[in-house]
Amino acid sequence: MTFALIDGNNFYVSCERVFNPKLEGRPVVVLSNNDGCAVSRSAEARALGIKMAVPWFQMKDMAKKHGIVALSSNYALYADMSSRMMSVLAQFSPDQEIYSIDECFLGLAGFEHYDLAAYGQEIRARVRKWLGLPVSIGFAPTKTLAKMANNCAKKGLAGANGVCDFGRMSESELSRLLSTIGIREIWGVGAQLTKQLTDRGITSVEALRTTDAKVLRREFSVVLERTVTELNGIPCIDMEESAPDKQQIMSSRSFGDYVTELEPLSAAVASFIAIAAEKLRSQGSVAGMVNVFIRTNTFAENQKQYQPSVTLPIPEPTSDTLALTSIALKGLRGIFKSGYSYKKAGITLMDLSDGSTAQPDMFSTARDNTKLMAVMDRINTQWGRGTLHSAAEGISNGWKTKRERMSQEFTTSWSGLPVVRVGSVRAGSNG
DNA sequence: CTATAACTCTCAA
DNA sequence: CTAACGTTGAGAGTTATAG
């Protein structure tokens, strides 16, 4: 069995470039929510030393000096481009696992006689031609190695031109290559493991790969044992055919401004519940518990800190936005204290179960809003989220996320289509 | 004491 | 002018608690 891992190159920046070709060749970054940190950087921005996840305000001066373009993230656009890309990639194998917004695995059982390097180039060419997006591709006998091969493809290692096939390399070639790569690059090895392994003198992928897996299991974890087994070409991680239902659904945001009053916090919490409950209904589940948290700005060390949270049971598990909102707001009132400047809040729906088999309460007095919710979901799907919302969400804007540098809704709204002037006629307006 | 619940830590994109 | 630092989810391992 061979796995392919296909990954968009600096995906968010590439999506922006499709609709704004002037960004080609220039240093571009896309910022996280609230215009906080750099989360996607073009090659030019990376070359200038912009690091991943660095707070943008720290980079502003040098960004200005080098003419770096910074954009707020336009998730609606990236999600839409993602689903188009996944459809195109699905044409290359009947076995696809969508792993994240910008990458997927393809299972290639039965492709043994293929020239994968050539197949990879074909995939790249089609995605580029049909969508304008650049991707890199790694092929290998395990998922962990496919991720690693993708990494090499992206960096142009081993003569790769956007495609790297470990399956075609000899053992000694592969060993030589892997001894030049640091363990931090491995899928499943984060900052903590990197530090601990480095302390024991294990710094290269090859060094880790040749360490006894049983010893690693004893001294670290099963997870690391699996990783090392996979690095040796023995698959432990299968393709996931369909995404299982979520076990918990969370919604949270940092605020654009500080919030000190209960009222805007309530509006925020109601909005988070609305977002999460919609997801809950779309997978046909009901929630049995809800957690609410609020927090002051943990980065502001000179400010009074307070980060309470509370978890409340939901006596009659439900997916009704209104019922969930009333419980969450009760929780919020319980933890809210005035005199603090809040910067973030969120909720988590937990203890999820299948809505169709949930045990109804025989003596229930709750009103059944099932049909109302169905109507609300239809309206919001068609006209955009938030078109119809509960009064509790309010009209208070004080808490909303900052997005001051956002591009248009090129693909997800008629009004976002670039305006084309033909004589005096304007096309692309939705009137 | 065991089974489970609840919580903490780590990782990923 | 100043201050300014993401979101969502899973799983393993550990600790607390119930029975």
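Convention: sequence-line order gives letters A, B, ...; per-chain numbering from 1.
Residue A:Ser254 places at least one side-chain N or O closer than 4.0 Å to OP1 or OP2 of C:dT7. For C:dA4, one of the phosphate oxygens OP1 or OP2 lies less than 4.0 angstrom from a side-chain nitrogen or oxygen of A:Tyr258. The side chain of A:Asn34 contributes no N or O atom lying less than 4.0 Å from OP1 or OP2 of C:dA4. OP1 or OP2 of B:dA12 sits under 4.0 Å from a side-chain N or O of A:Arg184. Distances shorter than 4.0 Å separate none of the side-chain N or O atoms of A:Thr311 from OP1 or OP2 on B:dA6. Regarding contacts with the backbone of B:dT10, every side-chain N or O of A:Gln196 stays at 4.0 angstrom or more from both OP1 and OP2. Put simply, A:Gln192 has a side-chain N or O that comes within less than 4.0 Å of OP1 or OP2 on B:dT10. Contact between the side-chain N/O atoms of A:Lys343 and the OP1/OP2 oxygens of C:dA3 is not found at any separation under 4.0 Å. For the pair A:Lys60 and C:dA3, the criterion of a side-chain N or O lying under 4.0 Å from OP1 or OP2 is not met.
Across all strands shown, A:Leu193 has heavy atoms under 4.0 Å from sugar-phosphate atoms exclusively, and none from any base. If you check every strand for non-hydrogen atoms under 4.0 Å, A:Ile347 touches nothing. Contacts of A:Ala191 with the nucleic acid, taken as non-hydrogen atoms under 4.0 Å apart, involve only primed sugar atoms and P, OP1 or OP2. Residue A:Lys195 is classed as having no contact, given no heavy-atom separation below 4.0 Å to the nucleic acid. The residue A:Ile249 sits close only to the backbone: its heavy atoms come under 4.0 Å of sugar-phosphate atoms, none of a base. Using a 4.0 Å heavy-atom criterion, one finds that A:Asp35 contacts no nucleic acid atom at all.
Counting to the nearest Å, the C1' atom of C:dG6 and the CG atom of A:Asn74 are 16 Å from each other. When the P atom of C:dG11 is taken as reference, atom CG of A:Leu224 falls 18 Å away, rounded to whole Å. Between the P atom of B:dA12 and the CD1 atom of A:Ile101 lies a distance of 19 Å, rounded to the nearest Å. The CD-P distance, from A:Glu185 to B:dC11, rounds to 14 Å in whole Å. C:dG9 atom C1' lies 15 Å from atom CG of A:Leu280, rounded to whole Å. A:Lys402 has its NZ atom 11 Å from the C1' atom of C:dC5, to the nearest Å. Put simply, NZ on A:Lys279 is 10 Å from C1' on C:dG9, counting in whole angstrom units. Atom CG in A:Asn291 sits roughly 15 Å away from atom C1' in C:dT7 (whole-Å rounding).
Aromatic ring orientation, A:Tyr342 versus A:Phe336: tilted (interplanar angle from 30° to 60°).
The nucleotide whose nearest atom lies closest to any side-chain atom of A:Gln247 is, among C:dG11, C:dC5, C:dG13, C:dG11. Side-chain atoms of A:Val223 lie closest to C:dA12 of the nucleotides C:dT8, C:dA12, B:dA13. The side chain of A:Tyr99 approaches B:dA13 more closely than any other nucleotide in the set C:dT8, C:dC5, B:dA13. Proximity note for A:Gln248 (side chain, C-beta onward) versus C:dA4, B:dA6, C:dA10: the nearest is C:dA10. For A:Asn297, the listed nucleotide lying nearest its side chain is C:dA4; candidates were C:dA12, B:dA13, C:dA4. Checking B:dA13, C:dC5, C:dA10 against every side-chain atom of A:Pro55, the shortest atom distance belongs to C:dC5. Among C:dC5, C:dT7, B:dA6, the nucleotide with an atom closest to any side-chain atom of A:Phe299 is C:dC5. Of all nucleotides listed (C:dA10, C:dC5, B:dA12), B:dA12 comes nearest to the side chain of A:Trp187. The A:Val222 side chain lies nearest to C:dA12 when the options are B:dA13, C:dA12, C:dC5.
Summary of the strand contacts: A:Tyr75 and A:Met250 both lie near DNA chain C, and taking for each the nucleotide with the nearest heavy atom, the more 5' one is attributed to A:Tyr75. Mapped onto DNA chain C by nearest heavy atom, A:Phe57 and A:Ser251 fall at different nucleotides, with A:Phe57 at the one closer to the 5' end.
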Would A:Asn10 and A:Arg46 satisfy side-chain contact (heavy atoms from CB on, under 4.5 Å), going step by step from the backbone distance to the final call? CA-CA 10 Å; A:Asn10 43 65; A:Arg46 270 196 292 260; 3.5 Å; yes
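C:dC5 is unpaired under the criterion used here, namely a Watson-Crick or G-U wobble arrangement in which both key atom distances are under 3.5 Å. Across all strands shown, C:dA16 pairs with B:dT4; the Watson-Crick or G-U wobble distances both stay below 3.5 Å.
A salt bridge does not link A:Arg405 to A:Asp35: none of the charged nitrogens lies less than 4.0 Å from a carboxylate oxygen.
For CD of A:Glu219, the number of neighbouring non-hydrogen atoms (other residues, nucleotides, ligands) closer than 6.0 Å is greater than 12.
When the C1' atom is compared between B:dC11 and C:dG6, the two are found 16 Å apart, to the nearest whole Å.
Here the options are A:Ile249, A:Leu332, A:Val269, A:Leu324, the test is side-chain contact (heavy atoms from CB on, under 4.5 Å), and the partner is A:Ile347; only A:Val269 passes. The side-chain contact (heavy atoms from CB on, under 4.5 Å) with A:Ser341 is formed by just one residue from the set A:Thr260, A:Asp257, A:Val259; it is A:Thr260.
Between the side chains of A:Gln303 and A:Glu301, no donor-acceptor pair of N or O atoms lies under 3.5 Å.
Side-chain contact between A:Arg295 and A:Tyr306: absent, with no pair of heavy atoms (C-beta onward) separated by less than 4.5 Å.
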